[in-house]
Amino acid sequence: MLAEEQESDEISRSDGVGIKRKDERKKKRKDKKEKRLLKKQEENGDEENQKSNHGMERSEEEDEQGEQKQGIDGKKKDGKKNKKKERLLKKAAEADNRGVCYLSRIPPHMDHVKLRQMLSQYGEILRIYLTPSGRAPQVNGKRPSSGRSQEQEFSEGWVEFARKGIAKRVANMLNGEQIGGRKRSSFYYDLWNIKYLSKFKWDDLTEEIAYKSAIREQKLALEISAAKRERDFYLNKVDQSRAQSAIEERIKKKQKVQQESGNDANLTISQPKVIRQFPQKKPVAVDTSESKPQLSNDILAGIFGGS
């Protein structure tokens, strides 16, 4: 019996030792797994930190590049603005340096092309404006026939030179001189009537032309409105005269008809006028004696006699 008990104690002891060993092994495995997980988490965290650091560096680089681009764009814009200002200033200076000459008379058969050919030998010409006179040029006191091409005649003109000095020199040199050129030309013996206009710009001329054209349009509008009023008044009077003549014709016709009817009445016997009589009902008389009550004479005598 003792031997069996000893064997059972040894078996129980061996079982307890085996269970402890299994528990220790399980704990070791768990610890290893936890260590592996911690290592992985640490590695992933390091990678994320590295990525975030790289992202921050890239964003800083992009910001720097954007600032550089903005600075370059701003410089370009400023450069464009400065160039525009310089161009405008150059144009203004050129416009201030220009000179305008006035021609009070343009010879017949002279146009802007011939005028440019003759004056361009003295200096650079920018613009020419000639005002048309509205008349056809005459040759030997006769107007050209309708079949021929009619040239435009001009009354006055303006010439813009590139420099004031050239305009002054041309005006002082040519004013009152013979035009010359070919002897066959129709304006060979004509004289230059040219004058330099100080402090006068081409814009002033365009403003004056626009003002004159506006006045001309207003005058035309007034004339057209007056002509329309006259036409309406005339048509109204014509309608009134037609209506009056129609009324007079009707009256004449009526008079003729009445005269003819009067002659016929004199021939025939005049018939008496028929007076129509309508039957009337007579009013009914009302007896007042029956309706009103009367007192007897005895009662009246007793009343008034006793008093």
Side-chain angles (χ1 to χ4, degrees), residues 85-224:
K85 287 181 181 178
E86 289 175 358
R87 288 175 186 173
L88 292 171
L89 291 171
K90 284 181 181 178
K91 287 181 180 179
E94 289 175 358
D96 291 333
N97 197 20
R98 294 171 186 172
V100 180
C101 290
Y102 171 68
L103 298 168
S104 62
R105 180 180 176 275
I106 305 297
H109 305 288
M110 181 181 278
D111 56 0
H112 63 282
V113 178
K114 294 176 183 178
L115 186 63
R116 185 180 287 273
Q117 287 176 357
M118 296 180 75
L119 295 178
S120 60
Q121 60 185 347
Y122 301 104
E124 184 182 358
I125 295 173
L126 299 177
R127 287 176 283 193
I128 296 173
Y129 177 75
L130 304 177
T131 57
S133 62
R135 296 178 297 172
Q138 296 181 0
V139 180
N140 297 325
K142 297 180 181 179
R143 291 186 178 180
S145 61
S146 60
R148 296 178 183 177
S149 61
Q150 297 181 2
E151 295 180 356
Q152 182 67 44
E153 188 176 358
F154 301 98
S155 60
E156 57 184 358
W158 289 264
V159 181
E160 186 183 23
F161 289 90
R163 294 181 181 177
K164 293 180 182 178
I166 295 169
K168 289 180 184 178
R169 187 174 72 247
V170 169
N172 293 326
M173 184 172 58
L174 296 180
N175 189 27
E177 297 293 330
Q178 185 178 348
I179 292 175
R182 294 182 181 180
K183 290 185 178 181
R184 293 182 180 180
S185 63
S186 59
F187 45 82
Y188 178 78
Y189 295 101
D190 286 324
L191 300 178
W192 287 107
N193 293 319
I194 186 168
K195 182 182 178 181
Y196 172 72
L197 301 176
S198 62
K199 297 180 181 180
F200 185 84
K201 302 299 177 184
W202 197 260
D203 294 334
D204 301 332
L205 176 62
T206 55
E207 288 176 0
E208 186 179 358
I209 293 165
Y211 178 70
K212 287 181 178 178
S213 63
I215 291 170
R216 193 184 306 112
E217 288 177 357
Q218 288 179 358
K219 287 182 179 178
L220 287 172
L222 291 172
E223 290 175 358
I224 289 165

Indicate the atoms forming the closest heavy-atom contact of [X] with [Y], along with that distance.
| X | Y | answer |
| --- | --- | --- |
| Q152 | S133 | NE2-N, 4.1 Å |
| Y102 | G157 | CD1-O, 3.5 Å |
| P108 | F187 | O-CD2, 3.8 Å |
| L126 | A162 | CD1-CA, 4.0 Å |

Contacts of S104 that satisfy side chain to side chain donor-acceptor pair (under 3.5 Å) - sequence neighbours left out: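 Not a single residue meets the side chain to side chain donor-acceptor pair (under 3.5 Å) criterion with S104.
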
Can you sort out the partners of T206 under side chain to side chain donor-acceptor pair (under 3.5 Å), two or more places apart, ordered by chain and number?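 Residues passing side chain to side chain donor-acceptor pair (under 3.5 Å) with T206: none at all.
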
Between [atom1] on residue [X] and [atom2] on residue [Y], distance to nearest 0.5 Å:
| X | Y | atom1 | atom2 | result |
| --- | --- | --- | --- | --- |
| L103 | W158 | CG | CH2 | 9.5 Å |
| M110 | F154 | CE | CZ | 11.0 Å |
| Y196 | N175 | OH | CG | 15.0 Å |
| W192 | C101 | CH2 | SG | 10.5 Å |
| L174 | I194 | CG | CD1 | 6.0 Å |
| M118 | I125 | CE | CD1 | 11.0 Å |

Going through the checks in order, is the side-chain contact (heavy atoms from CB on, under 4.5 Å) test met by Y188 and Q178? CA-CA 7 Å; Y188 178 78; Q178 185 178 348; 3.4 Å; yes

Of all pairs that satisfy salt bridge (charged side-chain N to carboxylate O under 4.0 Å, His left out), the ones with a partner from [range], not counting sequence neighbours:
| range | value |
| --- | --- |
| residues 200-210 | E208-K212 |
| residues 156-178 | R98-E160, R127-E160 |
| residues 104-115 | R105-D190 |

In chain order, what residues pass the side chain to side chain contact (heavy atoms under 4.5 Å, CB included) check against I224, with sequence neighbours excluded?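 Partners of I224 by the side chain to side chain contact (heavy atoms under 4.5 Å, CB included) criterion, ordered by chain and then number, come out as K228.
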
Using side-chain heavy atoms (C-beta onward) and a distance below 4.5 Å, is L130 in contact with L115?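 SC-SC contact between L130 and L115 confirmed.
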
I would like to know whether V159 and V170 meet side-chain contact (heavy atoms from CB on, under 4.5 Å); could you show each step before the answer? CA-CA 11 Å; V159 181; V170 169; over 6 Å; no

